[in-house]
Amino acid sequence: GDRRVELIFVGGHTPATSIVWLPEEKICFVGDIVWVDQHPYMAQGNTQEWLRALELIRNLGAEYLVPGHGPVCEPDATYRVGEYIEFMRGRVRDYYLAGKNKNETKSGLVGEMLEWFPVPPERKAKIESQIKSGLNRVFREVQREEEESSGGSIQVATDDDEEDDD
């Protein structure tokens, strides 16, 4: 037809995440890169890619974003998700540098992360589990970054590590 549609690979939420940009309409379908007033699911994420994807979306010139979770919004909605990811990365790094293991980090941070967005009481256990999965992923990212920057050996987490919830 006559409509220009751009598919843009961004990664971030999952290794295959892409967005759909309609430049003439100034509308971007951002999928799970943007969550409005909700805790993002981060278990398969790459937070560095995710943050770059949010910046790319802000710079497209869109008037409206169609997120995977939440109502249609403006590009400013990308900031809160980015702040959440940056906060989680920073706090996980604090715990890691203090010598805490992954389970200590999750136990210590799930409450802090839970406060970011409203959670209905009936969904609290599910959201806590979702946050813990994200903390698992971010812990492994931070661990890899710190080991690479110090020239140390990199220990790859196993699938068993990924599912720990306590």
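Positions are given from 1, in the same order as the sequence printed here.
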>> Please give me the minimum heavy-atom distance between V36 and G70, naming the atom from each residue.
In response: CB-CA, 4.1 Å
>> What I'd like to find out is whether the side chain of Q38 reaches to under 4.5 Å of the side chain of V119, using heavy atoms alone.
In response: no
>> To the closest 0.5 Å, what do you measure between CG (N59) and CD1 (I57)?
In response: 10.0 Å
> Got S149 and E146 here, is their nearest side-chain heavy-atom distance under 4.5 Å?
Replying inline: yes
>> Other residues, nucleotides and ligands only: do more than 12 of their heavy atoms fall within 6.0 Å of CD on E55?
In response: no
> According to the interplanar angle, ranging from 0 to 90°, do the rings of F117 and Y84 count as parallel (below 30°), tilted (30 to 60°) or perpendicular (above 60°)?
Replying inline: tilted
> Taking all non-hydrogen atoms of both residues, which atom of L60 and which atom of W21 are closest, and how far apart?
Replying inline: O-CZ2, 3.5 Å
> From L114 CG over to L109 CG, what is the distance, rounded to the nearest 0.5 angstrom?
Replying inline: 12.0 Å
>> Using 0.5 Å steps for rounding, measure from the CH2 atom of W35 to the SG atom of C73.
In response: 13.5 Å
> Could you give the distance from CE (M88) to CG (L135), rounded to the nearest 0.5 Å?
Replying inline: 4.0 Å
>> Through direct or indirect side-chain contacts below 4.5 angstrom among Ile, Leu, Val, Met, Phe, Trp and Tyr, which residues connect to Y79?
In response: none
> Nearest heavy-atom pair of E63 and E74: which atoms, and what distance?
Replying inline: O-CG, 3.8 Å
>> Please confirm whether the ring centroid of F87 lies under 6.0 Å from the ring centroid of W116.
In response: yes
> NZ of K100 to OG of S107: how many Å apart, nearest 0.5 Å?
Replying inline: 10.5 Å
>> On a heavy-atom basis, which atom in H13 and which in I33 lie closest, and how many Å separate them?
In response: N-CD1, 3.8 Å
>> Once salt bridge (charged side-chain N to carboxylate O under 4.0 Å, His left out) is applied, what residue pairs with a partner in residues 18-43 remain, sequence neighbours excluded?
In response: R3-E25
>> Less than 4.0 angstrom from a charged side-chain N to a carboxylate O is my criterion; do K132 and E128 meet it?
In response: no
> Can you find a heavy atom in the side chain of I127 that is under 4.5 Å from one in the side chain of R123?
Replying inline: yes
> Is the Lys NZ or Arg CZ of R93 less than 6.0 Å from the centre of F139's six-membered ring, within 45° of the axis?
Replying inline: no
> If you look at every heavy atom in L56 and I19, which pair is closest and at what distance?
Replying inline: CD2-CD1, 3.9 Å
> After noting the C-alpha distance and the side-chain angles of E6 and R4, does the key distance pass the salt bridge (Lys or Arg N to Asp or Glu O under 4.0 Å) rule?
Replying inline: CA-CA 7 Å; E6 295 180 19; R4 183 172 160 204; 2.3 Å; yes
> With a 4.5 Å limit on heavy-atom distance, are the side chains of T105 and N101 in contact?
Replying inline: no
> Under the 4.5 Å side-chain heavy-atom rule for ILVMFWY, direct or indirect, which residues accompany F29?
Replying inline: V5, L7, V20, L22, I27, Y64, V66, V72
>> Looking at every non-hydrogen atom in both residues, tell me the closest pair between T17 and F9 and how far apart they are.
In response: O-CD1, 3.4 Å
> Got a second to check how far W50's CH2 is from E86's CD, nearest 0.5 Å?
Replying inline: 13.0 Å
> Any side-chain heavy atom of E145 sitting closer than 4.5 Å to one from R89?
Replying inline: yes
>> Going by side-chain contact (heavy atoms from CB on, under 4.5 Å), T14 matches just one of E49, Q44, M42. Which one?
In response: Q44
>> Test side chain to side chain contact (heavy atoms under 4.5 Å, CB included) on I85 and V81; report intermediate values, then the result.
In response: CA-CA 6 Å; I85 293 169; V81 169; 3.9 Å; yes
